[in-house]
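As a basis for the values below, the full set of heavy atoms in this structure was taken, side chains included, without hydrogen atoms, waters or symmetry mates. Every chain is numbered from 1 and lettered A, B, ... according to where its sequence line falls, protein lines coming before strand lines.
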Amino acid sequence: MPVDAVPEKLLNWYDAHHRRLPWRAGPGEPRAAPYRVWLSEVMLQQTTVAAVKSYYAHFTTRWPTVADLAAADEAEVMAAWAGLGYYARARNLIACARAVVNDHGGAFPDSEAGLRTLPGIGDYSAAAIAAIAFGRRAVVVDANVERVTSRLFAFDGPLPVGRPAIRELADRITPDERAGDFAQAMMDLGSSICTVRNPQCLICPLHGDCAARAAGNPEAYPVKAPKKAKPQRRGTAFWIERDGHVWLVRRPAKGMLGGMRALPTGPWTDADPGLAEAPAKADWVEAGSVDHVFTHFALRLRVVTTRKPAPLNEGEWWPIARIEEAGLPTLFARAAARAIAAAQD
DNA sequence: AAGGCGTGGGT
DNA sequence: TACCCAAGCCT
């Protein structure tokens, strides 16, 4: 099926129907600032537009330039990221801002290769920023592009092995001009029309060009390798209270929820660890448990509380009335809510 | 290079 | 309900 007309059709559709998003250039503005494009792309990695919006607004208000972010207090940035997930992104965000200021004179590299060297910027983000912020011709491949492209060509090589081949197909339809708009058009199309389930082929601008549509099985693409089962793990969180304050720790920089404030916990294992590795000697009171699902395992976190702890180290007393300002990841925000609710029973 | 790494919305 | 999945990156 010939695809020569695909770029023009898609760009025409984009001109008429594209989403208005805070990080996109407004009318009369040719391109958004590289800092804003970069910030939005990092936030959008594996994350929905709806979830990103309020975080993007806060970050751009609190840190309007890359220099502001480079000079920011790390703990404040991590707390501002709390709830968005994939916290390595926040650590890399700070490292990247500092690299731009220290190694690139405060300006983002304007090429895909230059961007690719920065922390937290991989193949996708480098291509997206080069195309959207700098007008470069780059082949931008995210999950939307993989879905649209695999359907367009009825490409049935299973992911992730088939990924390089899909990139070749995407390269074939990427125009020399307006590659940034083309990429965003593919993503808008993927999010609104060429969806994972129930694609709206009847209103798709590429209806007549799509091999999967012609075959009547668009939902069959992309083909994916089977996924593994999620193990169930168990752990215990310790809510230690004194004079209206709770004891919080900071998790190690690497690993789950790395660098984030948290309630103390013991190890997360396949059996209930109980009170093993409690941070203090105390008479623990049950406060219930929280079930939380991560990318590669599910966790049942038992919450226990005390108001009379033995001495503690390496942590801080945080006012319970302002617990939402601690920047707890969602797991611990839920555990905290459980402890507070239990105290009122 | 396969697996670690969050969360919330949709079906 | 239980599952799927999202504008991926890093090691």
Earlier contact from the 5' end, DNA chain B, for A:Asn198 and A:Thr48: A:Thr48

P-based separation of B:dT11 from C:dA7 [nearest Å]: 14 Å

task: Answer yes or no: is there an ion pair linking A:Arg334 with A:Asp291, defined by an N-O contact shorter than 4.0 Å?
output: no

Terminal contacting nucleotides, 5' and 3', DNA chain B versus chain A (heavy atom, 4.0 Å): B:dG3 to B:dT11

- prompt: Across the strands shown, which category fits A:Val42 at heavy-atom distances under 4.0 angstrom: base, sugar-phosphate, nothing?
  reply: nothing

message: Please verify the inter-ring angle class for A:His17 with A:Trp13; under 30° counts as parallel, over 60° as perpendicular, anything in between as tilted.
response: tilted

task: Go through the side-chain N and O atoms of A:Thr65 and A:Asp68 and say whether any donor and acceptor fall under 3.5 Å apart.
output: yes

- prompt: For the side chain to side chain donor-acceptor pair (under 3.5 Å) test, which of A:Arg178, A:His18, A:Arg24 pairs with A:Gln184?
  reply: A:Arg24

query: Once the angle between the rings of A:Phe332 and A:Trp268 is folded into 0 to 90°, is it parallel (under 30°), tilted (30 to 60°) or perpendicular (over 60°)?
result: tilted

Where do N or O atoms of nucleotides 9-11 of chain C meet protein N or O atoms at under 3.5 Å, pair by pair?
residue, atom, partner, partner atom, Å
C:dC9, OP1, A:Gly122, N, 2.8
C:dC9, OP1, A:Ser125, N, 3.0
C:dC9, OP1, A:Ser125, OG, 2.7
C:dC9, OP2, A:Asp123, N, 3.4
C:dC9, OP2, A:Tyr124, N, 3.3
C:dC10, OP1, A:Gly120, N, 2.5

- line: Here the distance between atom C1' of C:dA6 and atom CZ of A:Arg197, to the nearest Å, is 11 Å

- prompt: salt bridge (charged side-chain N to carboxylate O under 4.0 Å, His left out) with A:Asp272: which residues, sequence neighbours excluded?
  reply: A:Arg302

message: What is the distance, to the nearest angstrom, from the CD atom on A:Glu146 to the P atom on C:dA7?
response: 10 Å

message: Please determine whether a side-chain nitrogen of the Lys or Arg among A:Arg151 and A:Asp209 lies less than 4.0 Å from a carboxylate oxygen of the Asp or Glu.
response: no

task: Could you tell me the separation between the CG atom of A:Leu84 and the P atom of C:dA6, rounded to a whole number of Å?
output: 17 Å

task: Report the residue (A:Lys228 or A:His292) whose heavy-atom-nearest nucleotide on DNA chain B is the more 5′ of the two.
output: A:Lys228

- prompt: To the nearest Å, how far apart are A:Tyr56 OH and C:dA7 C1'?
  reply: 14 Å

query: Hey, does A:Trp81 reach any base, or is it just sugar-phosphate, or nothing, if we go heavy atoms under 4.0 Å?
result: nothing

task: Have a look at A:Arg147 and say if it touches a base, only the backbone sugar-phosphate, or nothing, with a 4.0 Å heavy-atom cut-off.
output: sugar-phosphate

Sugar-phosphate, base or nothing in reach of A:Gly190, heavy atoms under 4.0 Å: nothing

query: A:Ala51 near the nucleic acid: base, sugar-phosphate alone, or nothing, with a heavy-atom cut-off under 4.0 Å?
result: nothing

- prompt: Once you round it to whole Å, what is the distance between P of C:dG8 and CG of A:Leu93?
  reply: 16 Å

message: Any base atoms under 4.0 Å from A:Met187, or only sugar-phosphate, or nothing? Heavy atoms, all strands.
response: base

- prompt: Is the distance between the ring centroids of A:Trp284 and A:Phe238 less than 6.0 Å?
  reply: yes

field: Interatomic distance, A:Gln46 CD vs C:dG8 C1' [rounded to whole Å]
entry: 5 Å

query: If you look at every strand shown and take non-hydrogen atoms under 4.0 Å, does A:Thr330 touch a base, only sugar-phosphate, or nothing?
result: sugar-phosphate

field: Whether A:Phe108 and A:Tyr35 hold their rings parallel, tilted or perpendicular, with breakpoints at 30° and 60°
entry: tilted

- prompt: When rounded to the nearest Å, what value does the distance between P atoms of C:dC3 and B:dG6 take?
  reply: 22 Å

Spacing of A:Arg89 atom CZ relative to C:dA6 atom C1', expressed in whole Å: 10 Å

field: Atom pair distance, as rounded to whole Å: CD1 in A:Ile129 and P in C:dA7
entry: 17 Å

Nearest heavy-atom neighbours spanning A:Pro264 and A:Pro279: CB-CG, 3.7 Å

